[in-house]
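Atoms within a ligand are numbered from 1 in the order they appear, just like the ligands themselves. A quick note: this is a predicted structure, and the numbers were derived from the prediction, not measured.
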Amino acid sequence: MVLFSSPRKKGNSNTLANQIIKGAESAGAKVETVYLHGMDISPCQACYACQKKDSKGCAVDDEMQTIYPKLVECDTWVIATPVYWFTMSAQAKLFMDRCFALLAYTNNPFAGKRVAIAMSYGDTDPFNSGCVNALRTFQDAFNYVGAKMIGMVYGSAEEPGEIKSNTDLMQRAEQLGKKLGTQ
Ligand SMILES: Cc1cc2nc3c(=O)[nH]c(=O)nc-3n(C[C@H](O)[C@H](O)[C@H](O)COP(=O)(O)O)c2cc1C
């Protein structure tokens, strides 16, 4: 399952994620995509309804409800995000916060789950740009819940699709997709 979080459909993080999809599909994977931007997804309300015993799930009635069952069902998540203000996009963070409720949908939802990240940033340096901050956040979060981080692809680009000129990175994104599709 590929979660795009940039508002730019032909943007750089989407371009990288699409390259991952290309690799995964060539390896026989079935891929579903979700464009988080523009969906009706509210911030977590911290009501803790999802954490109560015998909870039926997240109490917020919005489009995140259509995503929860798919997140549980699929074996791999690919999260694509631009770096905004030295971390992931607000759309991606909002999605992550709402995943707090996943435990209410199934026992141990992250057991065996595999994760990959695709990220782009404007600065030339992954440390100065905040890319490393975002990667560390994903690493810490998925390590905490017991999911397995399979790989990350990230690079510098500004204009939508500019990242395509980084052929080495595009190749690595496709390879990552193949790896996700074959494991
Ligand atoms: C609101 C906003 C904040 C940004 N903040 C950063 C930043 O902190 N560091 C950086 O290197 N680039 C920053 N950028 C540049 C984007 O990360 C860069 O253009 C990226 O390639 C966009 O990805 P996309 O095409 O997938 O949307 C920012 C762009 C916007 C619109």
Side-chain angles (χ1 to χ4, degrees), residues 1-27 29 31-44 62-64 66-67 70-71 74 76-99 113-144 147 149-181:
M1 186 151 171
V2 181
L3 301 133
F4 299 96
S5 75
S6 170
R8 307 200 294 186
K9 260 208 155 165
K10 294 189 170 164
N12 299 306
S13 55
N14 285 15
T15 301
L16 275 179
N18 281 324
Q19 197 70 2
I20 295 177
I21 292 175
K22 186 177 165 195
E25 286 181 334
S26 76
V31 179
E32 265 208 62
T33 54
V34 172
Y35 290 88
L36 294 171
H37 180 76
M39 288 183 77
D40 171 27
I41 301 178
S42 303
C44 172
D62 63 9
E63 282 189 90
M64 191 68 194
T66 64
I67 305 180
K70 296 179 185 181
L71 290 171
C74 72
T76 304
W77 296 8
V78 176
I79 302 176
T81 181
V83 173
Y84 279 178
W85 283 101
F86 307 95
T87 187
M88 69 187 76
S89 69
Q91 293 88 333
K93 180 61 168 59
L94 211 141
F95 162 79
M96 293 291 287
D97 285 357
R98 292 289 300 280
C99 286
K113 205 71 90 186
R114 299 168 317 150
V115 179
I117 306 294
M119 201 166 340
S120 62
Y121 44 89
D123 199 295
T124 51
D125 182 275
F127 284 88
N128 291 340
S129 67
C131 173
V132 172
N133 285 341
L135 290 177
R136 284 303 311 271
T137 303
F138 285 122
Q139 277 178 325
D140 286 351
F142 288 114
N143 183 44
Y144 177 76
M149 190 67 86
I150 304 294
M152 304 165 169
V153 280
Y154 51 88
S156 169
E158 272 287 0
E159 294 307 312
E162 186 190 324
I163 205 131
K164 278 186 196 154
S165 62
N166 188 340
T167 49
D168 174 58
L169 178 61
M170 293 294 280
Q171 264 173 22
R172 280 190 283 123
E174 191 173 346
Q175 282 307 116
L176 175 57
K178 280 194 178 137
K179 188 173 174 189
L180 295 171

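Close approach of ligand 1 to Asp123 (heavy-atom distance below 4.0 Å) involves ligand atoms 10 (C), 11 (O). Within the listing of ligand 1, atoms 19 (O) sit less than 4.0 angstrom from a heavy atom of Glu158. Which parts of ligand 1 touch Asn12 is read off a 4.0 Å heavy-atom cut-off, strictly below it: atoms 21 (O), 24 (P), 25 (O), 26 (O). Atoms of ligand 1 found under 4.0 Å from any heavy atom of Gly122, numbered from 1 in the order shown, are 10 (C), 11 (O), 12 (N), 15 (C), 16 (C), 17 (O), 18 (C). Residue Phe86 approaches ligand 1 through these ligand atoms, each under 4.0 Å from one of its heavy atoms: 7 (C), 8 (O).
Remark: distances from the non-hydrogen atoms of Ala157 to ligand 1 include one below 4.0 Å.
When non-hydrogen atoms are compared, ligand 1 lies under 4.0 Å from the side chain of Arg8 (C-beta onward) but not from its backbone.
Among protein heavy atoms, atom 27 (O) of ligand 1 sits closest to Ser6 OG, 2.6 Å. Considering only non-hydrogen protein atoms, atom 16 (C) of ligand 1 sits nearest to Val83 O, 3.6 Å. When hydrogens are left out, the protein atom nearest atom 7 (C) of ligand 1 is Ser129 O, 3.6 Å; that is the closest non-hydrogen contact. With respect to atom 26 (O) of ligand 1, the closest heavy atom belonging to the protein is Ser13 OG, 2.6 Å.
The distance from atom CH2 of Trp77 to atom CD1 of Ile150, rounded to the nearest 0.5 Å, is 14.0 Å. With values rounded to the nearest 0.5 angstrom, Leu94 atom CG is found 9.0 Å from Ser89 atom OG. Atom CD in Gln139 sits 3.5 Å away from atom CE in Met152 (nearest 0.5 Å). One distance of note links CD1 of Ile67 with CG of Leu36; it measures 5.5 Å at 0.5 Å rounding.
Screening Asn166, Val78, Leu169 for a side-chain contact (heavy atoms from CB on, under 4.5 Å) involving Leu16 leaves a single residue, Leu169.
At least one side-chain heavy atom of Ile41 sits under 4.5 Å from a side-chain heavy atom of Arg98. Here the side chains of Gln19 and Lys22 are in contact, with some heavy-atom distance below 4.5 Å.
By the 3.5 Å distance cut-off applied to N or O atoms, Tyr84 is not counted among the residues near ligand 1.
For the ring pair (Phe, Tyr, Trp, His ring centres under 6.0 Å) test, residues two or more places apart in sequence or in another chain that qualify with Tyr35 are Phe4.
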